[in-house]
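Okay, structure first, notes after.
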Amino acid sequence: MPIDIAIVGYAQSPSWERSELTEVQFLFPVIAEAIAMAGIDRRDIDFTCAGSCDYLSGQTFAFVSNLEAVGAWPPISESHVEMDGAWAMYEAWVALQHGDIDLALAFGSGKSSPGDPMQIYPLQMDPYTLTPLGADPTSLAALQARALLDSGRITEREMAEVAARNRRDAVANPYAQISGEEDVDALLASPYVTAPMRDHDLPPFSDGACAVILATADRARALSDNPVWIRGIDHRIEIHQPGMRDLRESPSTAAAGKGAGVADGPVDLAELSVAYTHQERILTDALGLGAGVKVNLSGGPLTANPMMATGLSRVAEAARAIQRGDGRRAVAHATSGQPLQQNLVCVLEGER
Amino acid sequence: MSEQPVVAASDSEQPVVMMDYFMHLEYREVVCPIVRRYADALMDGKILGQISPTSGLVYVPPRSYCPVSCEWLGEDHLVELEDHGVVTNFTIVTPVQYYGQEETEPFAKASVLLDGPGGMLGLQDILDLPVDELRVGMRVEAVWLPPEERTKDEIGNRSWGSVDGAIRGWRPTGEPDVPAEQFLDKVY
Amino acid sequence: MSQACAIVGIGQTKHKKRRDDVSLPGLVREAAQRALDDAELTWTDIDAVVLGKAPDPFEGVMMPELSMADALGAAGKPILRVHTAGSVGGSTAIVASNLVRTGQHRRVLTVAYEKQAEGNAQWGLAGGKSGGMGAGGIFAPWMRSFIARTGSPAHIGPMVAVKDRRNAVKNPYAHLQMPDLTIEEVMESPMLWDPIHWHESCPSSDGACAMVMTTEDLASASPRPPAWVLSTAMRSELGMFPGRDPVRPQAGVECAQAVFEAAGITDPLEQIDVSEIYVPFSWYEPMWLEGHDLVGHGEAWKLIESGDTDIGGRFPVNPSGGVLSSNPIGASGMLRFAEAALQVRGMAGEHQVDGATVAYGQAYGGAAQYFAMWVVGSTLDAVAAKG
């Protein structure tokens, strides 16, 4: 049986269209705030794991400077994944499973604004067959949306309704980049960007960061009267070649959800990495989330999408929602690869 | 990204095993506020650093934080540094050729510890000196470009101690060396 | 809770300047298939994959675990992608071992690679700008400081270069094969980054390394002797701040202390039979011997000069030929870890150190600021058995 681990601190930066600070500079206060929320000293942290991406910032070894935001002096026990911070949290969770340490920091950060994501993200695809075609995320998401529309599982109106609901919910989220009241008919009247995707179906690519502090059970209870427990965490990848997948389904999300124990109890709310409106349907179906589950109360990635921190932000937002009393049991989901190739699912539960 | 596949093997009898595929990605980054201050000061012939009140360490260029004490540094912590100092370490590089490399002859890169409040500039160019005469402990001074030739083009968030565009390099002052032993533990 | 982790399969590619006979997925599969064959397992036996490599821009493929998922048999499984600069191969192995030791998975495949010929690392390091100096330009001043601090004679670096190239001749996977290299030739070769000569620097290689790790109960069914993970440690420190000592980085000191203490090693020089240490430039052999407190200050050059770090010496270092003979960057750290494991399995072939039961693998990266280390043994009580 895994050791019980809880979230005792978390923090996010706002999602900016373009921050004038460097990645380290905007990460710095985020880590400090998560540490302050946990009520610990940074030197109490036994293990740190970071998630970031060299290609976003256009610099080899970009993650190295992020150590400065952690204050890696004296030396620390630390690791880095070239993945969303949610996977950094997984590695930190594994490190705590050894049972010989009790506090870990995980964070994710990214600065998308210097580059053009439509040019950069095709480099994630198979370098021999797909990158030369310029297989960009919008086009791949559009293929997926088209398949889903054609199967009758969603309509363009329902996609617009996801966008309108996310933007409305984001009004209350100080970290969101996009928010406001939208008229669904007006959204549907806008032109296609890449059919069947309209502007509202697509995410912003934000600058931003997120940090989470994990603690083992005794330490968590000593630090917080309201820790958020990680009841399960699992992640899976699936075949890369989009042509070999049924893009309407997300079997890797379903498998990770099963591994994390989503179905072991009622789910009150979910924070899902819905970067494209149609993906909400794919993900809720894969996770078996019914109509009663409140999805992306924060507004989700369609309103705040700090690449490399978007997935970890789902964990932080779900923890916040639980502590705020919006529900007791939540699902947080992170994704990587186009479209929805790799997925991580985490089940969170409040103390009361 | 521009796509320019080029068949590498010129001999058509040979099977093609490699194809060159050049990619071009452009990144445009806003220079952060503290580095803008630093760049403006360079244009005025001043080297700005930031000093941490807790650790006492001097950062040049300023970073807006001290990673050792983990405190945020602001305008109050700016300090004007001297434009002369001592070579504490160096290497002489025989340039490796790669796409975009313009250097062909061996060149020196030195660490310069500034006088006064301190501040260490790494990877500095040394001028007016045969590379084999460079030594640890040598006193050097900045060779500023004339004000009208100075440019901020080379200064960015990532330019690791750069004074490019304002200072051409550092030349020996001719003053006696500082004993090299003093700098054994000052590698940066 | 921590349980035992065994390495039951090890594979590596032939490391070469240019492996144009295989694609990127072909390269990693070559190593992974050999590791599976060694363990007599198949792709479907694997529960999870951990992939490591150095910066993505070196080959122009962003997050390659995504496009390689198919080739690595990872579809439907968890895959992690580690990146901790030059130490990444070591960190990747440690992350994989943690998945077994904490009971997350029963059989984990870990792979690390670099295909330098499909990109340009010098360009990548320079960010595409002129005046780039490569890693050697960063490290050279620190070697100069080490030499000055310790009074090491100038021929020590060249001696290490000759020793590692001689060892590489015994390793059929090694890239450089220079059986006749002499100290004089090293010292007469071009000075790339003073004090580093051409022959004192690592080559640029294409290559991959893979290991299969498993639990104690499954290891007992393995066809060949396992290597046991006795301890692991990772440490990182800030790369650049006034007063930092990059010649003897504190993270390296503390990482070594931690990994030896956890393995029950009190006298490394006596209790470790063989070491595989990340030495991309010859002077890093004495620098890490002292930087990890294997010997005292100013003692490393004497150990090397006396031939004690040769195969058959008192403290053999890099019998495989090391990074100086093969440098597929992302895989170089894992090769150190894997070669250490091969030694305690008694499967290192011609470069086997006789009777090795305890071995030390080390990798470092960044501005000498990331460290990954492990100690492996032929049995779980291999250190204690030495008395």
Side-chain angles (χ1 to χ4, degrees), chain A residues 16-33 35-36 41-43 45 54-62 64-76 111-123 125 127-129 131-136 207, chain B residues 1-8 16-40 50 52 54-57 59-75 77 98-100 122 155-162 188:
Chain A
W16 295 283
E17 183 180 355
R18 178 181 287 272
S19 171
E20 65 169 17
L21 299 178
T22 64
E23 190 168 320
V24 195
Q25 287 169 348
F26 65 65
L27 182 57
F28 195 95
V30 170
I31 289 175
E33 194 185 326
I35 287 172
D41 185 273
R42 70 182 165 99
R43 291 184 181 81
I45 295 167
D54 277 359
Y55 259 114
L56 271 193
S57 41
Q59 191 180 17
T60 46
F61 301 114
V64 174
S65 13
N66 290 344
L67 273 182
E68 301 194 339
V70 187
W73 188 259
I76 58 173
K111 197 172 177 193
S112 298
S113 60
D116 176 358
M118 287 303 128
Q119 290 190 343
I120 293 169
Y121 276 90
L123 299 176
M125 307 306 291
Y128 305 103
T129 60
T131 300
L133 299 176
D136 66 88
D207 296 346
Chain B
M1 189 163 50
S2 65
E3 298 166 26
Q4 297 174 286
V6 176
V7 177
V16 177
V17 291
M18 295 286 275
M19 288 177 74
D20 284 343
Y21 176 81
F22 294 106
M23 61 178 114
H24 173 85
L25 294 172
E26 198 164 293
Y27 292 87
R28 286 169 177 269
E29 191 168 24
V30 186
V31 178
C32 69
I34 200 73
V35 173
R36 285 206 295 270
R37 276 291 298 267
Y38 167 78
D40 289 343
Q50 234 170 357
S52 160
T54 307
S55 67
L57 298 174
Y59 297 93
V60 54
R63 303 184 194 183
S64 281
Y65 54 83
C66 171
V68 172
S69 61
C70 267
E71 70 191 322
W72 193 255
L73 302 178
E75 301 263 320
H77 305 108
Y98 57 84
Y99 181 78
I155 306 292
N157 296 341
R158 310 165 184 199
S159 49
W160 223 55
S162 177
Y188 277 115

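The chains referred to below are lettered A, B, ... by the order of the sequence lines, with proteins before strands, and numbering in each begins at 1. Just so it is clear, the structure is predicted and the values come from calculations on it, not from any experiment. The figures that follow rest on heavy atoms only: side chains count, while hydrogens, waters and symmetry mates do not.
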> Counting heavy-atom pairs under 4.5 Å to chain B, which of A:Val70, A:Asp116, A:Thr22 comes out on top?
Replying inline: A:Thr22

> Any idea which of B:Ser69, B:Cys70, B:Pro67 has the most non-hydrogen atom pairs under 4.5 angstrom with chain A?
Replying inline: B:Cys70

>> In the structure I gave you, are the side-chain heavy atoms of B:Met23 and A:Thr131 within less than 4.5 Å of one another anywhere?
In response: no

> Under a 4.5 Å heavy-atom cutoff, which of A:Ala69, A:Ser57, A:Ala32, A:Pro29 has the most pairs with chain B?
Replying inline: A:Ser57

>> What part of B:Arg63 gets within 4.5 angstrom of chain A, counting heavy atoms only: side chain, backbone, both, or neither?
In response: both

> Which atoms of A:Ile35 come close to chain B, meaning under 4.5 Å heavy atom to heavy atom: side chain ones, backbone ones, both, or neither?
Replying inline: neither

> Shortest non-hydrogen contact from B:Val68 to A:Trp73?
Replying inline: CG1-CD1, 3.9 Å

> How many angstroms lie between atom OH of B:Tyr65 and atom CG of A:Leu27, to the nearest 0.5 angstrom?
Replying inline: 9.5 Å

>> Measuring from atom CD of B:Glu29 to atom OG of A:Ser113, what distance do you get when rounded to the nearest 0.5 angstrom?
In response: 7.0 Å

> Do you know which two heavy atoms are closest between A:Leu21 and B:Cys32, and how far apart they sit?
Replying inline: CA-CB, 4.3 Å

> Taking all atoms of both residues into account, what is the closest heavy-atom pair of B:Asn157 and A:Lys111, and its distance?
Replying inline: ND2-NZ, 4.4 Å

>> Nearest 0.5 Å, please: how far is CD in A:Gln119 from CD in B:Glu26?
In response: 8.0 Å

